[in-house]
Protein chains: 2
Amino acid sequence: MTQFTRNGNCPPRIKDGGAVREVLDRIGDKWSLLVVGALREGPLRFGELEKTIEGISQRMLTLTLKHLVEDGLVSRTAYAEVPPRVEYEVTELGTTLVPLVIALAEWAMANRDQINANRSSYR
Amino acid sequence: MTQFTRNGNCPPRIKDGGAVREVLDRIGDKWSLLVVGALREGPLRFGELEKTIEGISQRMLTLTLKHLVEDGLVSRTAYAEVPPRVEYEVTELGTTLVPLVIALAEWAMANRDQINANRSSYR
DNA sequence: CAGGATCCGTGATGATACTG
DNA sequence: CAGTATCATCACGGATCCTG
């Protein structure tokens, strides 16, 4: 099926080859992981997310949230109030992703300097 | 420094706000994680990578590898032979990322069906 | 074999303005 | 407040051809 089918020269183990790409196409975009990370400790409102995630545009936040809701990683709850209040929260499925996001974030913070250094010293 | 500076309404913890974006801009592209994942068990040659990572174009593999080498996540070793042989391998730094990639890949495989199901059922 | 160079489409992203 | 709508752009990435 969707496996490598490589006779035996390079060692598989992560059998796939498609699922990863597929999922990465969804959560591997510019903002999804940031949004999930922002929601790691509890629900946030649209405006809170916008301020929390530096640099994201209103449009991108809207689209990213929509995708995450579609994929079932985030839930959206609108309260019939005025002014409107909408809260976003990671679903149960989304919760399983949170640890990975945190790990990735910590890795990023721990190694950014190193990476930047490598990058500059590269001629 | 590079921290939220958000008075106290939403709970930080991952202090950053920029490092994650920064690193994600590098390894969060379409292929980098796949390449790192492909190299998780040892060095591979250019052609092997090309066959291993389904769907990648020659150009993208070249570019991705170049970036990964620049960032110090992958090392490139060219052997003065004919025909030429070039091997790519994760560096020490890159090795620290491998577990995360594997975790992400496993998460992706474990949850792709669920996500796809959510996505279809979404009207 | 490994990869550089070029052309080029199109989708993702951002800025801005408007609305329920 | 929480979006939607529209427009312009630009980098991503594919196809193709070429070279050491």
Side-chain angles (χ1 to χ4, degrees), chain A residues 6 9-10 17-18 20-35 38-39 43-71 74-89 119 122-123, chain B residues 6 9-10 18 20-35 38-39 43-71 74-89 119 122:
Chain A
R6 322 251 319 84
N9 26 2
C10 59
V20 181
R21 280 311 331 289
E22 204 176 303
V23 175
L24 240 48
D25 276 341
R26 292 220 168 71
I27 62 166
D29 62 40
K30 199 171 181 180
W31 302 108
S32 292
L33 288 182
L34 279 305
V35 172
L39 295 172
L44 287 180
R45 303 177 58 171
F46 187 90
E48 291 174 329
L49 281 169
E50 196 172 9
K51 284 178 295 183
T52 301
I53 304 171
E54 273 181 285
I56 196 171
S57 64
Q58 194 180 49
R59 172 195 155 85
M60 276 308 109
L61 180 54
T62 300
L63 288 178
T64 303
L65 284 170
K66 189 180 297 183
H67 290 145
L68 290 173
V69 170
E70 280 182 23
D71 293 348
V74 167
S75 67
R76 186 196 125 117
T77 311
Y79 297 89
E81 302 173 359
V82 50
R85 181 163 60 101
V86 180
E87 288 195 339
Y88 292 91
E89 187 173 12
R119 203 153 210 280
Y122 190 88
R123 305 262 130 261
Chain B
R6 320 249 320 81
N9 27 2
C10 59
V20 180
R21 280 311 332 288
E22 205 177 302
V23 174
L24 239 49
D25 275 341
R26 293 222 166 68
I27 62 165
D29 62 38
K30 200 171 180 180
W31 302 109
S32 292
L33 288 182
L34 280 305
V35 172
L39 294 173
L44 287 179
R45 304 179 57 172
F46 187 91
E48 291 174 329
L49 281 169
E50 196 171 9
K51 284 178 293 184
T52 301
I53 304 171
E54 274 180 286
I56 196 171
S57 65
Q58 192 183 52
R59 171 195 155 86
M60 279 306 109
L61 181 55
T62 301
L63 288 178
T64 303
L65 285 170
K66 188 181 299 185
H67 291 146
L68 290 173
V69 170
E70 280 182 21
D71 292 348
V74 167
S75 67
R76 186 197 125 114
T77 310
Y79 297 89
E81 303 174 359
V82 50
R85 180 165 60 99
V86 179
E87 287 196 338
Y88 293 91
E89 185 174 13
R119 203 151 211 281
Y122 190 88

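Every chain is numbered from 1, with letters handed out A, B, ... down the list of sequences.
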* **Nearest-angstrom distance from the residue atom CZ of A/Arg85 to C1' of D/dG3** => 16 Å

* Taking only residues two or more places apart in sequence or in another chain, which ones pass side-chain hydrogen bond (donor to acceptor under 3.5 Å, both in side chains) with B/Ser32? -> B/Asp29

* Structure fact -> Across all chains, not counting sequence neighbours, the side-chain hydrogen bond (donor to acceptor under 3.5 Å, both in side chains) partners of A/Gln58 are none

* Structure fact -> The side-chain contact (heavy atoms from CB on, under 4.5 Å) partners of B/Val86 (sequence neighbours excluded) come to B/Arg76, B/Ala78, B/Tyr88

* Using a 4.0 Å heavy-atom cut-off across all strands, classify B/Tyr79 as base, sugar-phosphate, or nothing. => nothing

* Which letter, B, S or -, goes with each nucleotide of nucleotides 4-20 of chain D from 5' to 3', with contact meaning a protein heavy atom under 4.0 Å? -> B-B------BBB-B--B

* **Minimum-distance pair of heavy atoms, taken over all atoms of B/Thr52 and B/Ala38** => CG2-CB, 4.1 Å

* **Sub-4.5 Å side-chain heavy-atom contact between A/Leu34 and A/Ile56** => no

* Looking only at heavy atoms, which two atoms of B/Trp31 and A/Arg21 are closest? And how far apart? -> CH2-NH1, 3.3 Å

* Between D/dA2 (P) and A/Leu65 (CG): distance, integer Å -> 11 Å

* Structure fact -> Residue set satisfying side-chain hydrogen bond (donor to acceptor under 3.5 Å, both in side chains) with B/Glu89, at least two apart, ordered chain then number -> none

* Who passes side-chain contact (heavy atoms from CB on, under 4.5 Å) against A/Arg85, sequence neighbours left out? -> A/Arg45, A/Tyr79, A/Glu81, A/Glu87

* To do: Decide side chain to side chain contact (heavy atoms under 4.5 Å, CB included) for A/Met60 and A/Glu50; before the verdict, give the C-alpha distance in whole Å, the side-chain angles of both, and the deciding distance to 0.1 Å.
  => CA-CA 10 Å; A/Met60 276 308 109; A/Glu50 196 172 9; over 6 Å; no

* Asked: Whole-Å distance between D/dC1 P and A/Leu44 CG?
  -> 15 Å

* Is any side-chain heavy atom of A/Leu49 less than 4.5 Å from a side-chain heavy atom of A/Leu65? -> yes

* Nucleotide range of DNA chain C contacted by chain B, 5' to 3', under 4.0 Å to a heavy atom? -> C/dC1 to C/dT6

* Between the axis at one end of the helix from C/dC1-D/dG20 to C/dG20-D/dC1 and the axis at the other (five pairs apiece), what's the angle to 10 degrees? -> 60°

